[in-house]
Structure formats: structure tokens, C-alpha cells
Amino acid sequence: MSVHAGVPARKMGGPRRPGLESAVMSVQIAPSLLSADFARLADEADAVSGAADWLHVDVMDGHFVPNLTIGLPVVEALRRHARLPLDCHLMIEDPDRWAPGYAEAGARSVTIHAEAASAPVRTLREIRAAGARAGLAFNPGTPVLGHADLLPEIDMLLLMTVEPGFGGQPFLDLVLPKIRRARELISAYGGEIWLQVDGGVSEQTIGRCAEAGADMFVAGSAVYGASDPAGAVKTLRDLAVAATAAAS
Ligand code: DX5
Ligand code: ZN
């Protein structure tokens, strides 16, 4: 079952985790196009459009991370062809300069890195003003607590569960306690903030992430490395829903 992307999960699902129904409603899956065939992006987007909630688009500049991927022109083209909303993850230097443009181009969610932003309040507000959800991402070694004052400015908190830059890396278990702490922080704050995990999310690891409190799951190689990407999304969702329900 797919959540309608863009609608706050808990508004649809009621109070957090009272049971299985709410767990089903709050789990969201975002396949990462980084592991897709870049020469067939529209087809690859289509392959998961009936199963996933979002399309995760990894923008890398070769500076903030040691890899170079796609930028605004490709996002604009995807926006015209993809049926799922775009969740743009900006792994770039100077996101203050570039991020609002992704929201203006029609991305429904734009995430900047805490390590890269010089003026996060202004940038997050500009993302929202342009009509997108605003996300703030943290590398595995970056603590979230120092940024707790920014919670009112964000719609999603992204915890990297690998060092950013490449798909197909092994999941870092050391981030699990941070997922728990971030969930506690969000619950104490009380706002409608999604908790996304990105990196090494697979059939083997998604349950641990859900149990720790994540509710939005990016998966690249686990989806596009599978012979049936839509089936892989469904399996990941089922595992996350079961782990979320068991943890409630
Ligand atoms: C890595 C990217 C991820 C990547 C995840 O820096 O942010 O979105 O696509 O790929 P997997 O799921 O293969 O680890
Ligand atoms: Zn990503």
C-alpha cells in the first residue's frame, strides 16, 4: 500500500504507531535513481511508479562528495516525465545558492546537508517558500543534537547510513543509535517531521532502521539491482511495516 507522497504521514495515519494500520500508512519508500540506468531514466522511474512513494534523486557535485551525477536540467526533465514526486538529495557545496532552484523546478522535497549549508534557516525557508518540503541531512559522523533548533524549519530529517557519494555501500550499524535519538528528538518536538534513512538499506537492514524509528527509506541497489524493482519495493515496504508494527 502506498502513501500519497507529500501528505504528512501522521495526518493520514493518526497518532504514531498505535498499530499495524498506522505503520502501513507511515512507511514510505523512495527508490534512488543513482542505481538506475541513467540512459533510461524515464523508464526506470516508470518501473517503480505503481509501488513506491517518491523518486529519490541524488545530486552530487564532485566537491562535497567525490562523485558527480546529475543536476538541475535532468531534474527538470524528470519532473516532466516521472509520475512519482521527486525527492532531491543535494550532496553539493553551497546548497544555499542552488537548493531553491530545485524546488522552483518542481521537486516536491529538497534536502540540503547540514555540513554544507552556511545559512540553513534562510535556505530551508526558501525551499518551503518555493512549494517543496524542506529536508536537512546528516552524514554518519555529524551529530543531530547541535541542530535541534532547526526542527521547526524542516519537514524531513535525513540520516545517512553510509558516507555519501556512492550507491551499493554496506550499511553502517553505528548510525542506529542516532536514528533512535533523532526519533526521540522529533517526538519531543512534536512536529510532522519524516525521518529518512539513506545508504545500504536492503531486505537485511530495513527492519533495523524501522525498529529504530525511521519512516522513510531510500533504497538504490536493493531496488534497481533487483530483477523486479517494483517487487523489491513491495518487499522492502512489507519488512518495514512489520518492523514498525513490532516496535510499537
Ligand atoms: C549515496 C546516496 C544514496 C544511494 C543509496 O550517497 O545518497 O541515495 O543511492 O544507494 P544504496 O541504497 O545502494 O546504498
Ligand atoms: Zn541519497
Side-chain angles (χ1 to χ4, degrees), residues 5 28-38 41 44-45 47-48 51-71 74-75 78 82 84-93 95 98-99 102 107-116 132-142 154 156-176 179 194-210 214-227 229-230 232-233 235-237 239-240:
Q28 298 187 81
I29 309 287
S32 167
L33 287 173
L34 184 63
S35 295
D37 180 348
F38 274 19
L41 281 180
E44 296 280 65
V48 296
D53 302 290
W54 294 80
L55 276 179
H56 185 82
V57 181
D58 289 301
V59 176
M60 304 185 188
D61 66 352
H63 295 280
F64 180 69
V65 289
N67 195 6
L68 186 64
T69 56
I70 58 178
V74 177
V75 168
L78 268 171
L84 288 171
L86 303 182
D87 168 35
C88 286
H89 175 195
L90 304 187
M91 285 159 280
I92 59 174
E93 288 183 352
W98 302 109
Y102 286 83
R108 292 270 294 278
S109 177
V110 178
T111 298
I112 60 171
H113 265 263
E115 302 86 356
R133 298 175 62 87
L136 189 62
F138 297 84
N139 288 343
T142 306
I154 66 174
M156 184 174 80
L157 196 154
L158 162 54
L159 295 183
M160 291 304 302
T161 39
V162 298
E163 292 291 359
F166 301 95
Q169 302 181 75
F171 180 82
L172 294 173
D173 276 284
L174 67 82
V175 184
L176 286 170
I179 300 174
W194 297 345
L195 181 53
Q196 184 180 73
V197 286
D198 181 8
V201 175
S202 68
E203 286 182 31
Q204 286 70 43
T205 59
I206 195 167
R208 272 176 274 164
C209 296
D215 56 11
M216 187 165 177
F217 306 86
V218 176
S221 46
V223 170
Y224 284 108
S227 54
V233 170
T235 301
L236 290 170
R237 187 189 302 282
L239 290 167

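Not measured: the values here are computed from a predicted model. In each ligand, atom 1 is the first atom listed, and ligand 1 is the first ligand listed.
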Counting distance only, does the side-chain N/O of [X] pair as donor-acceptor with the main-chain N or O of [Y] below 3.5 Å?
{"X": "T161", "Y": "F171", "result": "no"}
{"X": "D173", "Y": "L176", "result": "no"}
{"X": "T205", "Y": "G200", "result": "yes"}
{"X": "Y102", "Y": "V59", "result": "no"}
{"X": "E115", "Y": "N139", "result": "yes"}

Exercise. Going by atom types alone, do D87 and H89 pair a side-chain donor with an acceptor below 3.5 Å?
Worked result: no
Exercise. Between S32 and D58, does any side-chain donor sit less than 3.5 Å from a side-chain acceptor?
Worked result: yes
For this session: Would you mind reporting whether F38 and I70 have side-chain heavy atoms less than 4.5 Å apart?
Result: yes
Seminar exercise, completed: Closest non-hydrogen atoms of H113 and M91, given as atom of the first, atom of the second and distance, are NE2-CG, 3.7 Å
For this session: Write down, by chain and number, every protein residue that brings a non-hydrogen atom to less than 4.0 Å from an atom of ligand 1.
Result: S32, L34, H56, D58, M60, H89, M91, M160, P164, G165, F166, G167, G168, D198, G199, G200, V218, A219, G220, S221
Exercise. Around the Zn ion (ligand 2), how many protein N, O or S atoms are closer than 2.8 Å?
Worked result: 4
